[in-house]
A.B. asks: 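Here you go, one structure.
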Amino acid sequence: MKSILIVEDERLIAELQRDYLEVHGFGVDIAEDGENGLRLALTGNYDLILLDLMIPRIGGFEVCRKIREEKDIPILMVTAKKEDIDIIRGLGLGADDYITKPFKPAELVARVKAHLSRYERLIGPPKSKEEVSIRELVIQLDSRRVFLRGSEITLTTKEFDLLWFLARNPNRVFSKDHLFEKLWGMNSFGDSQTVTVHIRKLREKIELDSSNSEYIETVWGAGYRFRL
C-alpha cells in the first residue's frame, strides 16, 4: 500500500482528500500545520506528499524547501492561489507539480497516481549501465548522480529526468509542451510553465553563466536544445 501525507489545515478538505485516496487503496496520514507536517514528512516513510501552501506555524514554501533538502519523493502543491509567482516559487523550491483549489477529487487521485507511477518507473532498477559525459558534465543514470567539474551536484527527481532526457537527445529542439508531456505525462493537467521553472533551476546548478548557457540552450519560439 502506497502511503500519502496530506499537510492541510482545513480539516474538511483534508478529510475529503483522505477519503478519496483511501477508497483507491492508499494509506493516508494528515497533518494540520506545517510543523507537524514537516516532522512527519522527515521521519515517516511516505511515497508522496500533498502540501497546502497556506498552512500555520511553518508555511508551505518553507516546508517544501526543507523536505526537498532531505528527501527525493514527489511533492504535489495544493494551493488556492493562482498567481504565477506563487506557482513558480513552489516549483523552484522543489515541488514536482501543483493543483489549484477548488479541484475535483477524481482529478486529485489521477494526479497522485500519475506521479507515483512515473516516479516508480524512473527510479526502478536500471536494465543497463548508462552514462553521459559532455565536457565537464557527467550524468550517471544507474546512480542518478550528476557531477560538474568533478564535484557532485544535487538535483531533484524532475530536474534529473529533464537533464537526462535532453542530454540523451543532444542538438534536438524540444518544445515546452513536448517536454511536459514526455516527462510529466499528464496532457490534461498542469501547464508547460512547470518546464520553464525546472529549466531555470537546472541552469542555476550546471551553468557558469545562465545568461550564456553552455549546455541547455533556448531556441526562441521553439523550445530548448542540449548543446554538444
Side-chain angles (χ1 to χ4, degrees), residues 1-10 13-34 36-38 40-42 44-55 58-84 86-123 156-162 180-181 183-195 197-198 201:
M1 178 184 293
K2 296 297 182 182
S3 183
I4 310 296
L5 174 62
I6 296 173
V7 186
E8 168 66 67
D9 64 320
E10 296 187 49
I13 293 177
E15 290 176 349
L16 178 65
Q17 293 174 356
R18 180 197 62 198
D19 292 346
Y20 270 86
L21 289 169
E22 287 182 342
V23 165
H24 287 82
F26 295 103
V28 180
D29 289 332
I30 295 174
E32 295 186 0
D33 60 70
N36 286 319
L38 180 60
L40 288 174
L42 297 182
N45 187 27
Y46 296 102
D47 298 289
L48 182 143
I49 297 173
L50 287 170
L51 176 62
D52 186 69
L53 294 182
M54 303 302 292
I55 48 178
I58 301 178
F61 291 118
E62 183 68 7
V63 171
C64 179
R65 184 185 67 80
K66 290 185 176 181
I67 292 173
R68 188 54 75 216
E69 287 177 352
E70 301 291 333
K71 293 195 172 185
D72 188 14
I73 61 174
I75 300 175
L76 180 58
M77 296 184 298
V78 181
T79 176
K81 292 188 173 184
K82 297 183 179 180
E83 290 83 357
D84 289 348
D86 295 302
I87 295 170
I88 291 171
R89 182 183 176 191
L91 294 171
L93 289 171
D96 294 278
D97 200 2
Y98 67 93
I99 185 169
T100 304
K101 297 177 183 178
F103 53 82
K104 295 179 180 179
E107 178 187 355
L108 176 67
V109 173
R111 193 82 67 90
V112 167
K113 287 183 175 180
H115 274 286
L116 288 173
S117 176
R118 187 160 297 273
Y119 183 75
E120 286 181 345
R121 181 177 64 80
L122 291 169
I123 69 171
T156 68
T157 299
K158 282 296 189 291
E159 288 170 355
F160 181 92
D161 298 340
L162 183 56
F180 184 78
E181 179 182 350
L183 298 175
W184 276 260
M186 296 170 289
N187 282 345
S188 58
F189 302 128
D191 56 54
S192 58
Q193 178 180 237
T194 300
V195 175
V197 175
H198 281 75
K201 298 300 292 185

A.B. asks: Regarding Lys66 and Glu69, does a basic nitrogen lie under 4.0 Å from an acidic carboxylate oxygen?
C.D. replies: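 Result for this pair is no, no salt bridge flagged.
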A.B. asks: Please list, chain by chain and in numerical order, all residues satisfying side-chain contact (heavy atoms from CB on, under 4.5 Å) with Phe26, sequence neighbours excluded.
C.D. replies: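 Once residues adjacent in sequence are excluded, the partners of Phe26 under the side-chain contact (heavy atoms from CB on, under 4.5 Å) criterion are Lys2, Ile4, Leu21, His24, Val28, Val112, Lys113, Leu116.
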A.B. asks: My understanding is that only one of Ile87, Leu93, Ile88 makes a side chain to side chain contact (heavy atoms under 4.5 Å, CB included) with Val197; could you say which?
C.D. replies: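 Of Ile87, Leu93, Ile88, side chain to side chain contact (heavy atoms under 4.5 Å, CB included) with Val197 is met by Ile88 alone.
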A.B. asks: Please check: side-chain N/O of Asp9 versus main-chain N/O of Ile55, any donor-acceptor pairing under 3.5 Å?
C.D. replies: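 Answer holds: no.
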A.B. asks: Can you give me the closest heavy-atom contact between Met77 and Leu91, atom names plus distance?
C.D. replies: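 That would be CE-N, 3.9 Å.
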A.B. asks: Can you name the one residue among Arg68, Arg111, Arg118 that meets salt bridge (Lys or Arg N to Asp or Glu O under 4.0 Å) with Asp96?
C.D. replies: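 Of the listed options, the one satisfying the test is Arg68.
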A.B. asks: Taking all non-hydrogen atoms of both residues, which atom of Tyr46 and which atom of Ser3 are closest, and how far apart?
C.D. replies: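 It is CD2-OG, 3.2 Å.
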A.B. asks: Mind checking whether Gln17 and Phe103 have side chains closer than 4.5 Å, heavy atoms only?
C.D. replies: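 The answer is yes, as the side chains (C-beta and beyond) meet within the 4.5 Å cut-off.
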A.B. asks: For the atom pair CG (Leu42) and CD (Glu70), what is the distance rounded to the nearest 0.5 Å?
C.D. replies: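 Answer for the CG-CD pair, Leu42 versus Glu70, is 6.0 Å.
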A.B. asks: Check the pair Tyr119 / Asp47 against side chain to side chain donor-acceptor pair (under 3.5 Å), numbers first and verdict last.
C.D. replies: CA-CA 9 Å; Tyr119 183 75; Asp47 298 289; over 6 Å; no
A.B. asks: State, yes or no, whether a side-chain contact exists between Leu50 and Leu108 at a heavy-atom distance under 4.5 Å.
C.D. replies: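 A side-chain contact under 4.5 Å exists here.
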A.B. asks: Rounded at 0.5 Å granularity, tell me how far NE2 in His198 sits from OG1 in Thr157.
C.D. replies: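 Those atoms lie 9.0 Å apart.
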A.B. asks: Would you call Asp97 and Lys158 a salt bridge, taking side-chain N to carboxylate O under 4.0 Å as the test?
C.D. replies: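 Judged by the 4.0 Å cut-off on N to carboxylate O distance, Asp97 and Lys158 do not form a salt bridge.
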A.B. asks: Where do Ala31 and Leu40 come nearest, in terms of heavy atoms and distance?
C.D. replies: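 The answer is CB-CD1, 4.0 Å.
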A.B. asks: Grab the two heavy atoms, one from Ala41 and one from Ile67, that are nearest each other, plus how far apart they are.
C.D. replies: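 Closest approach of Ala41 to Ile67: CB-CD1, 3.6 Å.
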A.B. asks: Give me the atom names and distance for the closest heavy-atom approach of Cys64 to Ala95.
C.D. replies: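 Closest approach of Cys64 to Ala95: SG-N, 3.7 Å.
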A.B. asks: Are any non-hydrogen side-chain atoms of Val78 and Lys101 less than 4.5 angstrom apart?
C.D. replies: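 Result yes, sub-4.5 Å side-chain heavy-atom pair found.
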